[in-house]
2 protein chains.
Amino acid sequence: MAEKATQLKLENQICFPLYAVSRLVTQQYKPLLDELGVTYPQYLVLLVLWEKEEIPVKEIAQKLFLETNTLTPLLKRMQSNGIIERKRSKTDERVVIISLTPIGKGFKNKAIEIPNKLVQKLDCFSTEEDVFVMKRILDKILNNAENNETCG
Amino acid sequence: MAEKATQLKLENQICFPLYAVSRLVTQQYKPLLDELGVTYPQYLVLLVLWEKEEIPVKEIAQKLFLETNTLTPLLKRMQSNGIIERKRSKTDERVVIISLTPIGKGFKNKAIEIPNKLVQKLDCFSTEEDVFVMKRILDKILNNAENNETCG
DNA sequence: TATATTTGTATCGTGCACGATTTAAACTTG
DNA sequence: CAAGTTTAAATCGTGCACGATACAAATATA
């Protein structure tokens, strides 16, 4: 029982540092993304679209582990900001295909320096070795989350 | 330049798996916290209050790396759910002191099994070794974030 | 080929996060 | 001690997250 009570201390939670560091890192992006006029989740959508020109909402959702009820309004905002286009698929009228406008494509040149700048910022909080180890573990977890439906 | 373009691929982002895993883990808590009728950030406030009976809003904010503009409405919801009490400090009228109601104190017994249940759930996604290593790195980052104002 | 089921988006409501601003109390300084 | 500054909460507005529900198109089944 004493051990279980100890497990309820904030410092012993696994989840909490994950939650706090995630927000901390997102905050590091803010000034860089402000220059593009996008939010952090919108930036993730841009990363997806820079890898694939035309992609259905559903597929973006799967890549980012988000639901369409989060993405639909987010994509509408990006559309009204002139960054992306939304059009219905010809072959399946249910599907909405997302693509970049010339403006959205142009953002890639501005964004090219962001990853390096962010690594510099993270140097204030961690070593590159630690960041690398952490990323490897997180990727493993995400990978298992994609494949392990038996377990959840 | 080719290297910089590679860095813009989603799979090469540090931030993204952090963001996605953070949400994934929070989702694992949901069914457990539903039994208490609290959200995940509210659960974090409970963890703080189980360690310290009476605590100002500001101090909770510092422990959880949140702003008071996030906490004030959250605490009001917890108050109207009968979990906590809010009262002005006698010695400093600016300060609002948060404390648990008997109901909030009683939640601790119900919550005592949550950490173990969560570890079990995480076993589906990761090894305990990896979780331990990750937590150590995340704690280091948080620690540096608390102390390094020169760098940000 | 009607009917039922599944699938991809969209809509709605609640609760965070967080920047910006406001307010009142406490503190500092001239 | 009066004026300016700092500090702790609160308020406001915007944008996620996400559960629940709706709806229409596509598919499966009777």
Side-chain angles (χ1 to χ4, degrees), chain A residues 15-16 18-31 33-34 36-45 55-81 83-84 86-98, chain B residues 15-16 18-31 33-34 36-45 55-81 83-84 86-98:
Chain A
C15 56
F16 168 64
L18 201 51
Y19 159 84
V21 170
S22 174
R23 287 188 296 113
L24 179 70
V25 173
T26 302
Q27 284 164 16
Q28 304 307 305
Y29 275 92
K30 179 113 204 324
L33 298 181
D34 279 350
L36 298 180
V38 297
T39 64
Y40 178 68
Q42 289 174 17
Y43 173 65
L44 295 179
V45 170
I55 185 167
V57 173
K58 180 76 188 224
E59 210 174 311
I60 299 177
Q62 283 165 350
K63 283 179 190 290
L64 301 185
F65 296 83
L66 288 169
E67 304 296 322
T68 61
N69 56 4
T70 298
L71 278 174
T72 296
L74 184 155
L75 293 170
K76 282 187 175 178
R77 279 187 288 272
M78 291 181 80
Q79 182 185 33
S80 68
N81 290 340
I83 302 169
I84 63 162
R86 296 162 68 242
K87 62 169 192 279
R88 289 275 163 189
S89 164
K90 293 269 163 49
T91 56
D92 186 339
E93 282 284 327
R94 291 172 303 182
V95 173
V96 171
I97 305 287
I98 305 298
Chain B
C15 55
F16 168 65
L18 202 50
Y19 160 83
V21 171
S22 174
R23 287 189 296 113
L24 179 70
V25 173
T26 302
Q27 285 163 15
Q28 305 307 305
Y29 276 92
K30 180 114 201 326
L33 298 182
D34 279 350
L36 297 181
V38 298
T39 64
Y40 177 68
Q42 287 173 17
Y43 173 66
L44 295 179
V45 170
I55 186 168
V57 173
K58 180 75 188 223
E59 211 175 310
I60 299 177
Q62 283 166 349
K63 284 180 188 290
L64 301 184
F65 295 85
L66 288 169
E67 302 297 321
T68 62
N69 55 5
T70 298
L71 278 175
T72 295
L74 184 155
L75 293 170
K76 282 186 175 177
R77 281 187 287 272
M78 292 181 80
Q79 182 184 33
S80 68
N81 290 340
I83 302 170
I84 62 161
R86 296 161 68 243
K87 61 171 192 280
R88 287 279 162 187
S89 164
K90 293 268 164 46
T91 57
D92 187 339
E93 282 284 327
R94 291 170 304 180
V95 174
V96 171
I97 306 287
I98 305 297

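In what follows, chains carry the letters A, B, and so on, assigned in the order in which the sequence lines appear, proteins first and then strands, with residues in each chain numbered from 1. Source: prediction; values computed, not measured. Below, each value reflects all heavy atoms present in this structure, side chains not excepted, and no hydrogens, waters or symmetry copies.
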Give the minimum heavy-atom separation between N69(B) and P73(B), together with the two atoms involved. O-CD, 3.4 Å
Mind listing the closest non-hydrogen atom pair of R86(B) and L75(B) along with its distance?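 So the two residues come closest at CD-O, 4.1 Å.
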So how far is it from L36(A) CG to N81(A) CG, rounded to the nearest 0.5 Å?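 That separation rounds to 12.0 Å.
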Rounded to the nearest 0.5 Å, what separation is found between the CD1 atom of I55(A) and the CD1 atom of I98(A)?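 Going from the CD1 atom of I55(A) to the CD1 atom of I98(A) covers 9.5 Å.
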Can you tell me the distance, in whole Å, between the [atom1] atom of [X] and the [atom2] atom of [N]?
{"X": "I55(A)", "N": "dT9(C)", "atom1": "CD1", "atom2": "P", "result": "10 Å"}
{"X": "R23(A)", "N": "dC16(D)", "atom1": "CZ", "atom2": "C1'", "result": "14 Å"}
{"X": "Y19(A)", "N": "dA17(C)", "atom1": "OH", "atom2": "C1'", "result": "8 Å"}
{"X": "Q79(A)", "N": "dG15(D)", "atom1": "CD", "atom2": "P", "result": "15 Å"}
{"X": "L74(B)", "N": "dC18(C)", "atom1": "CG", "atom2": "P", "result": "13 Å"}
{"X": "L66(A)", "N": "dG19(D)", "atom1": "CG", "atom2": "P", "result": "12 Å"}
{"X": "F65(B)", "N": "dC18(C)", "atom1": "CZ", "atom2": "P", "result": "12 Å"}
{"X": "K30(B)", "N": "dC18(D)", "atom1": "NZ", "atom2": "P", "result": "11 Å"}

What are the atom names and distances for every N/O pair under 3.5 Å that joins the protein to nucleotides 1-4 of chain C?
none

L33(B) and T39(B): side chain to side chain contact (heavy atoms under 4.5 Å, CB included), yes or no, with the steps? CA-CA 6 Å; L33(B) 298 182; T39(B) 64; over 6 Å; no
For residues 58-68 of chain A, which residue pairs pass the salt bridge (charged side-chain N to carboxylate O under 4.0 Å, His left out) check, not counting sequence neighbours? K52(A)-E59(A)
Do nucleotides 4-14 of chain D as a string where each nucleotide becomes B, S or -: B if the base has a protein heavy atom under 4.0 Å, S if just the sugar-phosphate does, - if no protein is that close. ---BSBBB---
Would you indicate, yes or no, if dC18(C) has its OP1 or OP2 atom less than 4.0 angstrom from a side-chain nitrogen or oxygen of Q27(A)?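 Indeed, a polar side-chain atom of Q27(A) lies that close.
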So which one's nearest nucleotide on DNA chain D is more toward 5', L24(B) or E93(A)?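 Going by which nucleotide is closer to the 5' end, it is L24(B).
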Test item: R88(B) side-chain N/O and E93(B) main-chain N/O as donor-acceptor pair under 3.5 Å: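 Yes, because the side chain of R88(B) sits within donor-acceptor range (under 3.5 Å) of the backbone of E93(B).
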Is there a donor-acceptor contact under 3.5 Å from the side chain of S89(B) to the main chain of D92(B)?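 At least one qualifying donor-acceptor pair exists.
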Assign the ring pair Y40(B) / Y19(A) to parallel, tilted or perpendicular, where the plane angle (0 to 90°) is split at 30° and 60°.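 Perpendicular.
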